[in-house]
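Keep in mind that what you see is a predicted model, and the values were worked out from it rather than measured.
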Amino acid sequence: MAKKQAEGYLSAKESRRIARENRRITDRLEQQRKRKNVPETEYLTQMHNPANAVEFDNLHTCFFTDAGVVRSVDGISFEVPIGKTVGVVGESGCGKSVTSLSLMQLLQRPQGQIVEGEIRLNLGNKAYDIVKVPAEKMQALRGNYISMIFQEPMTALNPVFRIGDQLNEVLELHNEEGRSNAEIKARTIELLGMVGIANAEGVYAMFPHELSGGMRQRVMIAMALACSPKIIIADEPTTALDVTIQAQILDLLRQLKDRINSSILFITHDLGVIAEMADYVVVMYAGRIVEKGTVEEIFANPAHPYTIGLMASKPIVGKKVDKLYSIPGKVPNPINMPRYCYFRDRCEMQCAGCEGDYPGEVSLSATHKVSCYRCAQNNQKGGEG
C-alpha cells in the first residue's frame, strides 16, 4: 500500500517542473519589462473617470514560488479620486501592501509579477498604464507622481547617511528645475520644517539612530512629499508609533494632503484610523476586494460577514467584555485557493447560495459594493418588495 503523503507535500520532480514553468513565464515578463526606447503609445491609456488620480482595473499580481503560484492580488478593481483618501483594510497577507507595490513597480522581481489588468495613472494632460510602463520610464514617475511612506522608518532610512544627505538625494534625482546644491539644502530644511520638525537644521545633520520613532516617521513623510506627488501611499505609517504620536502623524498627513492637493492610498489594520482618515474604504480578504464604499456606508452599514467580523473584533471604549471577538478559522492556502467564496469556511452567516462559485459583485448603492451571496439574496428580496 502506497504511503499517503502529507498535505502540501511536493516531490523533487514536481518542484523542478514548477520551477521550470515559473522561469519560462517570468523570463518572458522580465524581457518585456526591461525593453529600452519603448514608444510612449504602448503605455498611453485613457482614464475611465478624469476625476480619479489612479484606477485599478482587474489587477492580478502573482508570486511564482517553487511550491506554486501565489495569487497575492486576484482581480481587484477600485479608484482613488483626486484629493481624497482611500483606506485599504484587511488582515495580514490579504494583499494590501502588494497592491501598493504594484502601483510603484517595486515588487520583488523576477518572482513577483503583474500578470493581468491595468493600473491607470492620471498625469493631468495624459494617462499611463503602469502595468506596461518600462522600468526606465518608471524612475521618472516615482517621487514626482507617486511616492510611498514605508511602514518602518528605521529600516527604510539608511543608517550610515545623515538625514540631510538622504533627503538631498531625492531632490537631486528629480532635479528638473536645475537647483544648485545650496537651493537643494534650503528646500530640504524647508521640508523638515513643513512636517513639524522644530530644529530642522539640527536634524539635517543627524543620523537616523539619533532620532525618535516619531521624528524618523516625519523625515519619511518629508522624503515622500519632496516632489509634491499626486498620490501618496501610506503603508501603515503609524504602526510602530505610540498613540499620541500616531494622532500627530495623522493630523500632519491630512494637512499636507490638502496643502499640495494630493490623494492618499492609506493601508492599515486599524479601523479607528480608517474612520478618522479615509473618505472611501476598500476591504480586502485573501487577495480580493470583498466590500468597498464610502466611510459612512462601511461603518454605518457593513454588509460582508468579514467586514462585520472586523468591526466586532475592535475594542470599544466604555464597553466591558470578558473576551474580545475574533474571526474563527484561518485563511485558505494561497497556492490552492477554492473555487467558492474564500471566506465561506470561516463565515458564521452562511446562506443557501454559499455552495456556488465565488460570488459576483452586488451594488447596495452607487458607491457601496459587496461580493456576497447573502447580500445578493437580501438585495433581491428588497427589490421584490
Item to check | Path from F150 to L141 over hydrophobic side-chain contacts below 4.5 Å | outcome: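 They do share one cluster, since a chain of ILVMFWY contacts under 4.5 Å joins F150 to L141.
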
Checklist entry - Would V282 end up clustered with I233 when hydrophobic side chains under 4.5 Å apart are linked, directly or stepwise? => result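 Yes, V282 and I233 fall within the same hydrophobic cluster.
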
Side chains of [X] and [Y], heavy atoms from C-beta outward: is any pair under 4.5 Å?
X    : Y    : value
R142 : M104 : yes
F266 : L250 : yes
E361 : K369 : yes
I189 : K185 : yes
V115 : F64  : yes
M223 : L157 : yes
I197 : M215 : yes

Closest approach of [X] and [Y], non-hydrogen atoms and distance?
X    : Y    : value
V133 : M138 : CG1-N, 3.9 Å
E291 : H368 : OE2-NE2, 2.6 Å
I289 : S77  : CD1-O, 3.7 Å
L252 : M194 : CD1-O, 3.9 Å
T45  : Y128 : CG2-C, 3.5 Å

Next on the checklist: So, using salt bridge (Lys or Arg N to Asp or Glu O under 4.0 Å) as the criterion, who are the partners of E91 when residues are at least two apart?
Outcome noted: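 Residues passing salt bridge (Lys or Arg N to Asp or Glu O under 4.0 Å) with E91: R346.
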
Item to check | Separation of F56 CZ from I130 CD1 (nearest 0.5 Å) | outcome: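 The CD1 atom of I130 sits 9.5 Å away from the CZ atom of F56.
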
Checklist entry - Quick one: CG on D66 to CZ on R16, what's the gap to the nearest 0.5 Å? => result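 So the CG of D66 and the CZ of R16 are separated by 11.5 Å.
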
From [options], residue fulfilling side-chain contact (heavy atoms from CB on, under 4.5 Å) relative to [X]:
X    : options                : result
I249 : I149, V195, T244, I221 : I221
V283 : V370, V88, V290, L271  : V290
T61  : D74, L107, V131        : L107

Item to check | Steps toward salt bridge (charged side-chain N to carboxylate O under 4.0 Å, His left out) verdict (R17, E14) | outcome: CA-CA 5 Å; R17 186 196 65 77; E14 180 66 7; 2.9 Å; yes

Next on the checklist: For a side chain to side chain contact (heavy atoms under 4.5 Å, CB included) check, start with the C-alpha distance between V219 and Q166, then their side-chain angles and the critical distance, and finish with the verdict.
Outcome noted: CA-CA 10 Å; V219 170; Q166 296 188 56; over 6 Å; no

Checklist entry - Looking at residues at least two apart in the chain, or sitting in another chain, which of them share a side chain to side chain donor-acceptor pair (under 3.5 Å) with E116? => result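 E116: side chain to side chain donor-acceptor pair (under 3.5 Å) contacts with N58.
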
Checklist entry - What residues, two or more places apart in sequence or in another chain, satisfy side chain to side chain donor-acceptor pair (under 3.5 Å) together with N52? => result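 With neighbours one apart ignored, the set is E55.
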
Checklist entry - Aromatic rings F207 and H209: how do their planes relate, parallel, tilted or perpendicular, breaks at 30° and 60°? => result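 Correct class here is parallel.
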
Once ring-ring contact (aromatic ring centres under 6.0 Å, His included) is applied, do any residues pair with [X], and if so which ones, sequence neighbours excluded?
X    : result
Y280 : none
Y342 : Y358
F161 : none

